[in-house]
Amino acid sequence: MYLIFDSVEQVSRFTAQRIFNKIVEKPTSVLGLATGGTMEPVYQELIALLKANNSNLSQLITFNLDEYVGLPPSHEQSYNYYMHHHLFDHIAIDDAQVHLPNGVAADLNTESKNYSQAILEAGGLDLQLLGVGGNGHIGFNEPNTAFNAPTHVVELSVQTRIDNARFFTQLDEVPTHAITMGMHDILQAKEILFVATGAHKAEIVQAIYANEPTERIPASAIKNHPNAIIVLDSAAASLLPETAQQHARVNAQML
Ligand code: GLP
């Protein structure tokens, strides 16, 4: 299902509300979390909701999608740092409840295997939040990753490193490898919330819309998922056919 909102603010409010509702409905939820600029306003809204409702998060479990290889949690561009800075430090959640792949593990293959296993042992993901890279990657599953891949180490594509270079001082500081939850782990989530905002996401959103699920475009896999919502702002949706846009447009007043 596609939902198109007028603004990033409305997208973020809707997305945060869905996550909040899931936590209320099932306090033991296992949430799959994402990083990136798209998620920053989502987490701001979520923090506000959790605070306003004095939510008890003591049974919540989270698993993040990915982490750069070689960046320790103290590194400002590590996803561990991002998650603490943008979410965990602002809500009542213990480090024992949150999981990110360890990008500085001595044995990254064992770390990967254990990560997929830990998701299974937690009961699987109830809700997975997803952003998308310019080339269609989800997590760091780059184009042509098998849809049945478990958590694994990936060599980042040049485009992904260029896309993410804005967070670093220069391109050669962007790690060359990452550890990512696999397509299989992601697709096993009971519910998926896929979020894309901004005109720079319009082409990849159009490609997802126009193609049957294909490993060439990892994000297209969610079209096969029985319970996925694709949440867009009007800029990200701008290259979709006019009729599709009309059909998916949400009157935010009605929310
Ligand atoms: C990184 C992350 C992805 C994220 C993507 C988009 O590459 N590994 O999980 O979806 O960035 O980021 P942004 O929201 O900044 O466009």
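Atoms within each ligand, like the ligands themselves, are counted from 1 in listed order. Quantities reported herein were computed from a predicted structural model and do not represent experimental measurements. In this chain, residues are counted from 1 in sequence order.
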Quick one: which residue pairs count as a salt bridge (Lys or Arg N to Asp or Glu O under 4.0 Å) with a foot in residues 188-204, not counting sequence neighbours? Arg18-Glu191, Lys22-Glu191, Asp126-Lys190
Does the side chain of Thr151 reach to within under 4.5 Å of the side chain of Thr180, using non-hydrogen atoms? no
Ser12 vs Thr15, side-chain hydrogen bond (donor to acceptor under 3.5 Å, both in side chains): CA-CA, chis, key distance, verdict: CA-CA 5 Å; Ser12 307; Thr15 306; over 6 Å; no
Side chains of Ser7 and Asp233: is there a donor and an acceptor less than 3.5 Å apart? no
Verify the ring-centre separation between His84 and Tyr81: is it less than 6.0 angstrom? no
Centre-to-centre under 6.0 Å for His86 and Tyr43, is that the case here? no
For ligand 1, run through the N/O pairs with the protein that fall under 3.5 Å and put one pair on each line.
unit_1   : atom_1 : unit_2 : atom_2 : d
ligand 1 : 7 (O)  : His137 : NE2    : 2.8
ligand 1 : 7 (O)  : Asn164 : ND2    : 3.1
ligand 1 : 8 (N)  : Asp66  : OD2    : 2.7
ligand 1 : 8 (N)  : Gly139 : O      : 3.1
ligand 1 : 10 (O) : Val132 : N      : 3.2
ligand 1 : 14 (O) : Gly37  : N      : 3.3
ligand 1 : 14 (O) : Thr38  : N      : 2.9
ligand 1 : 14 (O) : Thr38  : OG1    : 2.4
ligand 1 : 15 (O) : Gly37  : N      : 2.7
ligand 1 : 15 (O) : Arg166 : NH2    : 2.7
ligand 1 : 16 (O) : Lys201 : NZ     : 2.6

